[in-house]
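Have a look at the structure below, then the notes.
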Amino acid sequence: MTFSLAPDVSATETDDGMVLLQETTGRYWMLNGTGAAMVRLLREGKDVQDVVDELTTRFPQNATRIAADVGVLLEQLAQARLVTT
């Protein structure tokens, strides 16, 4: 399954990660470096498994948590209507 940012969401890179702004509500979310990497990969058209695989390659010491963390963040972003499928 692939996800993309909702049409009313803009992303801005920061020194520590990324900020997502939902333009229709003015609400924003701050993502750490790992969350930002996940969103970047999704924006490249990667599906969820590709994101997990890429992050596991980048951060092998956290391999056991990555799939769960990706799932949790995607669920939170979907509930906030920041991403679409």
Side-chain angles (χ1 to χ4, degrees):
M1 178 177 289
T2 59
F3 288 82
S4 59
L5 290 179
D8 65 336
V9 174
S10 60
T12 302
E13 299 283 338
T14 67
D15 290 338
D16 299 324
M18 182 181 287
V19 174
L20 301 178
L21 172 64
Q22 190 172 36
E23 297 167 2
T24 55
T25 65
R27 295 185 71 189
Y28 65 92
W29 284 56
M30 296 178 68
L31 302 176
N32 65 16
T34 305
M38 185 190 89
V39 169
R40 273 187 230 104
L41 291 167
L42 291 172
R43 292 177 79 190
E44 292 174 8
K46 307 282 186 188
D47 66 23
V48 175
Q49 188 57 55
D50 290 337
V51 171
V52 170
D53 292 344
E54 177 69 27
L55 292 177
T56 299
T57 300
R58 292 183 193 183
F59 309 106
Q61 69 276 12
N62 296 321
T64 57
R65 293 204 49 175
I66 288 174
D69 289 349
V70 167
V72 168
L73 183 55
L74 277 173
E75 183 178 320
Q76 291 173 340
L77 294 175
Q79 287 177 351
R81 300 175 195 247
L82 297 173
V83 295
T84 61
T85 56

Please round to the nearest 0.5 Å and tell me the distance separating atom [atom1] of [X] and atom [atom2] of [Y].
X     : Y     : atom1 : atom2 : answer
Glu54 : Phe59 : CD    : CZ    : 9.0 Å
Leu73 : Trp29 : CG    : CH2   : 7.5 Å
Arg65 : Leu55 : CZ    : CG    : 13.0 Å
Gln22 : Leu5  : CD    : CG    : 11.0 Å

List, one per line, each side-chain donor-acceptor pair under 3.5 Å for residues 78-85, sequence neighbours excluded.
from  : atom 1 : to   : atom 2 : distance (Å)
Thr84 : OG1    : Ser4 : OG     : 3.3

For [X] against [Y], the heavy-atom pair lying closest together:
X     : Y     : value
Ala36 : Leu31 : N-CB, 3.9 Å
Arg27 : Leu21 : O-CD1, 3.5 Å
Lys46 : Leu42 : O-CD2, 3.7 Å

Can you name the one residue among Ile66, Thr57, Asp47 that meets side-chain contact (heavy atoms from CB on, under 4.5 Å) with Val52?
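Filter result, single survivor: Ile66.
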
May I ask you to test the [X]-[Y] pair for a side-chain heavy-atom distance under 4.5 Å?
X     : Y     : result
Asp50 : Leu41 : no
Leu77 : Leu20 : yes
Val72 : Glu75 : no
Leu74 : Val51 : no

Within a reach of under 6.0 Å around CG of Asn32, are more than 12 heavy atoms found that belong to other residues, nucleotides or ligands?
yes

Can you confirm whether more than 12 heavy atoms, excluding those of Arg58, are under 6.0 Å from its CZ atom?
yes

side-chain contact (heavy atoms from CB on, under 4.5 Å) assessment of Val70 paired with Val48
CA-CA 8 Å; Val70 167; Val48 175; 4.1 Å; yes

Between Arg40 and Glu44, does at least one N-O distance fall below 4.0 Å, as a salt bridge requires?
no

